[in-house]
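As the structure lists them, so they are numbered: ligands from 1, and atoms in each ligand from 1. Residues take their numbers from the sequence shown, with the count starting at 1.
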Amino acid sequence: MATTAFLAEHLVDPEVHASGDPHALWSWMRANDPVSWQPPGELPGFWSLTRYEDIRAVYRDPHTFSSARGVLLRPARLGADPGGGMTLALTDPPRHKQLRALMADWFSTRAVRDLEDHIRAACRAVLARVAGQGECDAVHDIAGRLSMYVIGRIIGLPEKDHELLVRWTDEAFEAGVSLAAHQELMRYFIDLMDQRMAEPTDDLLSSLVTGTADGELLAEEEILFNLENLVGATENGRLALAGGLLAFLDHPDQWRRLQRDRRLMPAAIEEILRWTSSATHSMRTATETAVIRGRRIEKGDRVVLWIPSGNRDEDVFEDPFRFDIGRTPNRHLALASGEHFCIGSTLARAELRILLEQLLDEVGPVEPAGPVARLRSIAVGGPETLPVRIAARHGDAALPAEA
Ligand code: HEM
């Protein structure tokens, strides 16, 4: 048990996620202590779940495992998450269902299909800025910019302001602070909200200001928290895009495989999601006593689901530490499961596909251009910076030889 305590302590050390090997810890925990108690310290005490089946079962039981008291570990001194009971991610059924219904239309398969031309154009614009200009940072200059151009459009920001969103989210991301701490962004959202209240149009923000839950309009605070949550959640999309590029740079054979056989695209996207698992954990709070693998979880206990661990569970995935774009089946948990299954899942998949298609069809080789830094975080994982060089676009200049 001393080993367990040692490992669990390292698991919540952001430095281990930036420069260590959290997978070594998770592998040990899956094999030896899959339901592991971490006593309180700077963080409150919590149970760690590391096996696929346990993680999935908790996701699928929102009545016993509530999201309303927060879904991310935060230091005890900060108290409860201020968005608790207000944002989509931090509400339980039945209110969660009503909130989700207000936003679901903007993320449906049909909505994303209608948005494809915009995503493609955004992708071209983003790649055009960096192609042929030498070195760029794929996290900020490609993945981040693309994610913000797309979510900006869905929320209803005028196109001229999409770059502002890129700047604000970059600044928050770099400083490691929440978006709500960014006063300029919040002021901007308040102005936009006021405009939509006066004159609703056809965008997600208008749905939030005109829609009701439990028969009442949402409070302004709720709308703002939900906007912040939506923009913040796209950070996962940014990391999956950048992490996907990194996975291919690390596994050039898999890139050539995709070049040769485009039918692998859907499986490649699922493998990128599994491999990158950019959401590192989800937290739940037990609403009643529960027993998992013989361990008794008391009412009020926090339970932390380590998603990258579930996605490398050797009982579920054959050769889980191999990046294999032909992997099938691939029922990963990167986008969660059950009631809170990622609302942006179809969008995230479309962004990944369109970016890869453009890199394959329209842009020359992407080459590494320097050391990769990983994020110092226990909430999201992936590259913090990914220096790459992208060749000039077809037609702009001679295309370097194919990789
Ligand atoms: C590949 C990229 C993405 C990954 C890995 C990812 C992962 C996740 C996960 C694990 C959850 C469950 C959180 C929990 O309940 O504890 C979630 C929920 C959510 N995601 Fe994503 N996400 C991605 C992209 C996006 C994008 C692009 C959006 C765009 C808005 C988005 C918006 C949301 C929202 C709003 C929720 C809360 C849904 C609910 O509670 O009903 N995500 N996501």
What are the atoms of ligand 1, with element, lying closer than 4.0 Å to any heavy atom of [X]?
X: I151; answer: 30 (C)
X: L273; answer: 1 (C)
X: R100; answer: 38 (C), 39 (C), 41 (O)
X: H96; answer: 39 (C), 40 (O), 41 (O)
X: V71; answer: 16 (O)
X: R284; answer: 14 (C), 15 (O), 16 (O)
X: S278; answer: 5 (C)
X: A334; answer: 5 (C), 7 (C), 10 (C)

Worksheet item: Is the closest heavy atom of I307 to ligand 1 under 4.0 Å?
Response: yes

Side chains of [X] and [Y]: closer than 4.5 Å at any heavy-atom pair?
X: W306; Y: L49; result: no
X: E270; Y: R274; result: no
X: T64; Y: V58; result: no
X: I307; Y: Y59; result: yes
X: V130; Y: I142; result: yes

Worksheet entry | Minimum-distance protein heavy atom relative to atom 13 (C) of ligand 1 |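 Protein heavy atom at minimum distance: S282 OG, 3.8 Å.
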
Worksheet item: Any idea which protein heavy atom is nearest atom 40 (O) of ligand 1, and the distance to it?
Response: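 Looking only at protein heavy atoms, the one closest to atom 40 (O) of ligand 1 is H340 ND1, 2.5 Å.
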
Worksheet item: Closer than 2.8 Å to atom 21 (Fe) of ligand 1, which protein N, O or S atoms?
Response: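 Metal shell, protein only: C342 SG.
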
Taking NZ, NE, NH1 and NH2 as the nitrogens, is one of them in [X] or [Y] under 4.0 Å from a carboxylate oxygen of the other?
X: E351; Y: R349; answer: no
X: R69; Y: D92; answer: no
X: R120; Y: D117; answer: yes

For [Y], does its backbone N or O pair with a side-chain atom of [X] as donor and acceptor, under 3.5 Å?
X: H340; Y: T91; result: yes
X: E271; Y: D324; result: yes
X: D161; Y: L157; result: no

